[in-house]
Number of protein chains: 2
Amino acid sequence: MSRITLKDLSKFLSLSTSTISRALLNDKNINAETQKRVLEAAEKLGYRPNTTALSLKYGQTKNIGLVVPEMITPFSSKVLQGIQNILYPLGYRVIITQSDENPLIERKNLQLLEEFNVDGIIINLCHETYNEDVYKEIMDRGIPLVFFDRIPSKTLEVSKVVVDDNIKASLVVEHLINTGRKRIVHIMGPSTIRNAVEREMGYKRILKKHNIFDPELIIKTDGMMFEAGEHAAKHLLDRKIEFDSIFAFSDTLAIGAMNYLLEKGIKIPEQVAVASFSGTELATIVHPKLTSVQQPLVKMGEAAADLMLEKIKDISAPNQTIVMDTELIYRASTFN
Amino acid sequence: MSRITLKDLSKFLSLSTSTISRALLNDKNINAETQKRVLEAAEKLGYRPNTTALSLKYGQTKNIGLVVPEMITPFSSKVLQGIQNILYPLGYRVIITQSDENPLIERKNLQLLEEFNVDGIIINLCHETYNEDVYKEIMDRGIPLVFFDRIPSKTLEVSKVVVDDNIKASLVVEHLINTGRKRIVHIMGPSTIRNAVEREMGYKRILKKHNIFDPELIIKTDGMMFEAGEHAAKHLLDRKIEFDSIFAFSDTLAIGAMNYLLEKGIKIPEQVAVASFSGTELATIVHPKLTSVQQPLVKMGEAAADLMLEKIKDISAPNQTIVMDTELIYRASTFN
DNA sequence: GTGAAAGCGCTAACAC
DNA sequence: GTGTTAGCGCTTTCAC
């Protein structure tokens, strides 16, 4: 808590609090001499403005909530970094909540953030439709909501930051084909996540184009974490499904699968090439390093924060969709 | 922002705001009938208390700052989880800042949090002494500071949550010796981090006890991230230093080193066993999985939050040091 | 049991 | 150019 207040300065200098305030705010109606005295006294006594008073005055808490599915992988941290880059210098605090990939927890988090009186919420959701009612309620109450990465179903019009999942997924698959792979597995995320469906569409389109599509090669996972990837790999081996490569929905799933294969003595990339989507550090801290679609996560955070600022300035600003550019990074996991 | 206020309810029910307030706070001086009416109206109109007004009233922002070195690894996220477990239900917001292992950024973060008027700061520092002056200043201003994991030098008495680095490091080394390793490298963190020194001491003590200590086997890194581990491994190979195992300061350094060795075709654990310290998911998502000292990160966060609450309740509460139990988890990276 | 009024720290409209 | 005052939303004396 700030100890010393305008009132203290006012007493100290025998000036009214409004004069002090004006001096501090660099108002035009202030004597240069007076201002200097005030500034010096403020410095000397260690005055720090009370943000709470300002919040009350202006009706803005300067708190922005962030809801993410998890923070085990660096994905959200990177986006957070971008959000902070924009919001911290402007005096906004960012309050993070983790949903643990559970829509129920996400729901609680949203309610918690509302209780925290945030000015807006930036969210990467964990289920396309489950909490749609809450999203709506929140927006109806005049609290702007900005989505990134995983967005709600099309029935809800919102501001959002996304990547072109479909096209980039197809590029990954093309790459696998170009390097001679024919039995390309897709480890697909839950279909309650729009991106999973989009990436699958990209995958399917290319395989069909090349006439090598086989529905058996699509493994839909239940979860999103490493074990889900392991299960997918186990499933493939247990069923003796023949495959020479994997395109996974995310680095996380890819790594889970990769480690299972390595444990079973399968050589990567010699026997099975692995590629994925995300672009976190995870792709480069495993061996072999993963070919992956790199998303500009920090920039995505910055974009989301910008959208949020726009909405805060004018709640009726039109919803925008920002599509970020991604880059397919080729690494050892897909080359012999 | 909450739309509807006590005043609105007051008008709506033709009652004074004080009565409304009393009803909502379940005060004894309130007619049961009146209270019922108020509660119903509040529900109906969707009243939500304005936390800002409360903050101003009580002189507490209910904001707690968190300063961590990085969020690329899951270490801080886990601790954050624990902190949130305790603080969120109590209405405290947690505001995170990342120092990027840079004391200068840490300094800025601390100042930022002060400007945010936090009620207290929980911190995992990135340099033992560099910002000691700021820590002191902050505490002198009556803002409680609680440290965890990496703590300041002994000249600064503070509340903190730590683990027994020295003893657990020695257990890891004993384990390596028990599995037949003789040339045990230590990849040591920067000595500006107390834990690095403690873990090195544990390492040294055991090697000396067994008469196999060789100063050449200690590689002190400059950084803390994966590349620093790689560099250490490169250094070992370049200098043709003979070794059959590695004990690394952290999972991060261990993984960096491991991947470099794997790239050079060195077999793990057959040729080189690897063990580390941390206990994040990182240890289990690489191949082979890492033997590592598992720290109870969520619990550490909870303990730090508890210490913080104590300090908030009574700023003059005595400083406490909580030492958490850790567990050495044996995994494939140290077994043939 | 209820209402009026003060005050938390600050800014801004209004006097002078 | 400076001071006075009101008010942001809430709780809490103090009256009645």
Side-chain angles (χ1 to χ4, degrees), chain A residues 1-39 41-42 45-63 91 114-119 141-143, chain B residues 1-39 41-42 45-63 91 114-119 141-143:
Chain A
M1 289 289 23
S2 326
R3 209 58 322 124
I4 131 134
T5 70
L6 281 198
K7 218 186 195 170
D8 297 324
L9 285 176
S10 140
K11 272 185 212 145
F12 182 75
L13 293 169
S14 305
L15 284 169
S16 76
T17 57
S18 25
T19 302
I20 311 280
S21 171
R22 279 190 274 257
L24 262 17
L25 294 179
N26 209 12
D27 191 289
K28 53 211 71 175
N29 295 319
I30 186 81
N31 181 301
E33 186 57 35
T34 314
Q35 179 167 35
K36 204 176 140 230
R37 282 179 58 218
V38 172
L39 259 30
L45 302 192
Y47 170 77
R48 321 225 112 203
N50 182 319
T51 54
T52 306
L54 293 176
S55 289
L56 187 56
K57 178 83 185 150
Y58 292 121
Q60 293 216 87
T61 59
K62 290 253 186 182
N63 289 158
E114 268 210 273
E115 250 142 59
F116 282 169
N117 283 304
V118 294
D119 291 342
R141 276 190 215 106
I143 301 176
Chain B
M1 289 287 22
S2 327
R3 215 45 336 118
I4 133 133
T5 70
L6 282 198
K7 217 186 196 170
D8 298 323
L9 285 177
S10 140
K11 273 184 210 144
F12 183 74
L13 293 169
S14 306
L15 283 169
S16 76
T17 56
S18 22
T19 301
I20 310 280
S21 172
R22 279 190 273 259
L24 261 18
L25 295 180
N26 208 12
D27 191 289
K28 52 213 71 174
N29 293 318
I30 186 82
N31 181 301
E33 185 55 36
T34 314
Q35 180 167 36
K36 203 175 141 231
R37 281 180 57 217
V38 173
L39 260 29
L45 302 191
Y47 170 77
R48 322 224 111 203
N50 182 320
T51 54
T52 306
L54 294 176
S55 290
L56 188 56
K57 181 81 186 151
Y58 292 121
Q60 294 215 83
T61 59
K62 289 257 188 177
N63 289 158
E114 267 210 271
E115 250 142 59
F116 283 170
N117 284 301
V118 295
D119 291 342
R141 276 191 213 106
I143 301 176

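All values reported here derive from a predicted model rather than from experimental measurement.
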Any side-chain heavy-atom pair from [X] and [Y] closer than 4.5 angstrom?
| X | Y | value |
| --- | --- | --- |
| A:R141 | B:R3 | no |
| A:N50 | A:T5 | no |
| B:N63 | B:F116 | no |

Could you give the [atom1]-to-[atom2] distance, from [X] to [N], as a whole number of Å?
| X | N | atom1 | atom2 | value |
| --- | --- | --- | --- | --- |
| A:D8 | C:dG9 | CG | P | 8 Å |
| A:I20 | D:dT4 | CD1 | P | 13 Å |
| B:N26 | D:dT11 | CG | P | 13 Å |
| B:K62 | D:dC10 | NZ | C1' | 15 Å |
| A:Q35 | D:dG1 | CD | C1' | 12 Å |

Exercise. With respect to the phosphate group of C:dG1, does any side-chain polar atom (N or O) of B:T34 fall under 4.0 Å of OP1 or OP2?
Worked result: no
Exercise. Any side-chain N or O of B:T19 less than 4.0 Å from the OP1 or OP2 oxygen of C:dT2?
Worked result: no
Problem set entry | Donor + acceptor pair across side chains of A:T51, B:N117 (<3.5 Å) | yes
For this session: Please determine which of A:V38, A:L39, A:N31 meets the side-chain contact (heavy atoms from CB on, under 4.5 Å) test together with A:Q35.
Result: A:L39
For this session: Looking at every strand, decide which applies to B:N31 at a 4.0 Å heavy-atom threshold: base, sugar-phosphate, or nothing.
Result: sugar-phosphate
For this session: Please round to 10 degrees the angle between the axis of the first five pairs and the axis of the last five pairs in the helix from C:dG1-D:dC16 to C:dC16-D:dG1.
Result: 60°
Seminar exercise, completed: Readout for nucleotides 10-16 of chain C: B = base within 4.0 Å of protein heavy atom, S = sugar-phosphate only, - = neither; 5' to 3' it is BBBB---
